[in-house]
Trainee: 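For reference, the structure I am asking about is given below.
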Protein chains: 4
Amino acid sequence: MSDAGHNSSDERLRLFIERIERFEEDKAIIAEDIKDVYVEVKAMGYDAKIVRQLVRLRKLAEHDRKEQQALLETYASAIGLDLI
Amino acid sequence: MSDAGHNSSDERLRLFIERIERFEEDKAIIAEDIKDVYVEVKAMGYDAKIVRQLVRLRKLAEHDRKEQQALLETYASAIGLDLI
Amino acid sequence: MSDAGHNSSDERLRLFIERIERFEEDKAIIAEDIKDVYVEVKAMGYDAKIVRQLVRLRKLAEHDRKEQQALLETYASAIGLDLI
Amino acid sequence: MSDAGHNSSDERLRLFIERIERFEEDKAIIAEDIKDVYVEVKAMGYDAKIVRQLVRLRKLAEHDRKEQQALLETYASAIGLDLI
DNA sequence: CTGCCATTTTACCGGC
DNA sequence: GCCGGTAAAATGGCAG
């Protein structure tokens with residue numbers, strides 16, 4: 001590259017990669033935090049496996065709720081009803 | 001449970017689950033951020049697939065370095081040498 | 001199912017499952033073999049943990065080599081070069 | 001090492017590692033075979049996920065059966081009954 | 001929409 | 001005998 005030092009292509013690419021890597025580190029840290037919570041959960045005598053299932057079920061329920069909401073809005077829109 | 005509302009078992013469990021859920025939301029947000037970076041990457045004309053592979057390779061290299069370090073420490077420990 | 005015994009659907013499924021189970025038995029036997037080698041390793045005075053780490057490191061190196069090869073091929077493909 | 005070429009320590013270690021690696025390759029091949037069967041399973045219109053569960057359940061059942069058998073033999077032995 | 005990759009979950013193995 | 005960590009399996013998600 002000729003315009004040396006002025007955000008050359010390679011430099012930009014490197015910056016992108018480093019941004020991604022920083023985000024992934026953050027993600028890994030949070031994953032650690034979650035693991036720590038499960039350690040606590042276990043230490044309190046709960047069965048971590050069951051708690052995991054609870055979390056998953058709640059997520060599913062949330063998802064379903066949103067689906068339901070979307071469906072409702074679709075219907076509402078279809079009959080010209082403005083929910084907002 | 002008699003002492004209703006005062007950190008009863010169910011309450012504690014609920015708090016654990018909510019903590020986990022908040023962390024998972026954070027994680028999801030970061031995952032979104034990463035996706036966004038890839039959108040930028042693509043918009044700058046880079047091949048996202050290649051960038052992903054680069055990121056993965058760098059991660060592998062890091063991982064290998066750690067494994068080698070671990071092996072070294074195992075060796076050290078095996079011969080009774082305290083590295084710290 | 002009416003045409004009993006003539007490769008009915010259930011029969012085919014059963015055959016699939018049995019094939020899988022036979023493969024898994026084979027796999028379990030090999031896992032045993034590996035364990036036996038580690039017993040020997042230990043009996044010869046080696047530290048099994050170190051040997052395990054060595055095996056893992058060599059595998060990682062192999063894996064990295066393949067990833068690099070894949071990246072190379074992606075590059076080649078990106079510039080319209082057909083390596084094959 | 002002085003007694004060069006006569007199964008020196010390093011040589012023996014290398015042989016152990018190579019034996020392990022060969023076994024692990026074999027294991028990997030079988031794992032591939034199993035994956036292939038699941039591809040077939042899917043191609044025949046079965047739900048691979050369900051089939052996996054069936055395989056797992058059968059394994060559990062087998063395991064339980066053996067436990068039961070062991071228990072029976074323990075009881076038999078306890079009352080001086082020779083099952084064989 | 002299919003296949004692949006990352007994450008998650010389960011099973012295993014060794015150490016205490 | 002359990003518990004901790006490590007490897008394998010499985011599921012889910014995302015890119016092509």
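Just so we're clear, the structure is a prediction, and the values are computed from it rather than from any experiment. Proteins get letters first, then strands, A, B, ... in listed order; numbering begins at 1 in each. All values below come from the heavy atoms of this structure, side chains included, with hydrogens, waters and symmetry mates left out.
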Trainee: Would C:Glu62 and C:Arg58 count as a salt bridge (charged side-chain N to carboxylate O under 4.0 Å, His left out) here? Give the steps.
Mentor: CA-CA 6 Å; C:Glu62 174 67 15; C:Arg58 280 166 62 108; over 6 Å; no

Trainee: Distance-only check: which donor-acceptor pairs under 3.5 Å involve side-chain atoms of residues 70-79 of chain D, not counting sequence neighbours?
Mentor:
| from | atom 1 | to | atom 2 | distance (Å) |
| --- | --- | --- | --- | --- |
| D:Glu73 | OE2 | D:Gln69 | NE2 | 3.0 |
| D:Thr74 | OG1 | D:Ala70 | O | 2.8 |

Trainee: Rounded to whole angstroms, how far apart are CD1 on C:Ile34 and P on F:dA7?
Mentor: 13 Å

Trainee: What is the distance, rounded to the nearest whole Å, between atom CG of A:Asp36 and atom P of F:dG5?
Mentor: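 Answer to the nearest Å: 11 Å.
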
Trainee: Salt bridge (charged side-chain N to carboxylate O under 4.0 Å, His left out): which pairs involve residues 44-53 of chain D, sequence neighbours left out?
Mentor: none

Trainee: Can you check each nucleotide of nucleotides 2-12 of chain E against protein heavy atoms at under 4.0 Å and return B for base, S for sugar-phosphate only, - for none, in 5' to 3' order?
Mentor: ----SSSSS--

Trainee: Once salt bridge (charged side-chain N to carboxylate O under 4.0 Å, His left out) is applied, what residue pairs with a partner in residues 28-41 of chain D remain, sequence neighbours excluded?
Mentor: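 For residues 28-41 of chain D: C:Arg19-D:Glu40, D:Glu32-D:Lys35.
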
Trainee: I'd like to check the side-chain contact (heavy atoms from CB on, under 4.5 Å) partners of B:Glu25; sequence neighbours left out, ordered by chain and number.
Mentor: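 Partners of B:Glu25 by the side-chain contact (heavy atoms from CB on, under 4.5 Å) criterion come out as none, since no residue qualifies.
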
Trainee: Please report, rounded to the nearest Å, how far the P atom of F:dG12 is from the CG atom of A:Leu57.
Mentor: 12 Å

Trainee: A:Ile50: which other cluster members, linking ILVMFWY side chains closer than 4.5 Å, directly or transitively?
Mentor: none

Trainee: Could you state the atom-to-atom distance from CD1 of B:Ile30 to P of F:dC14 in whole Å?
Mentor: 15 Å

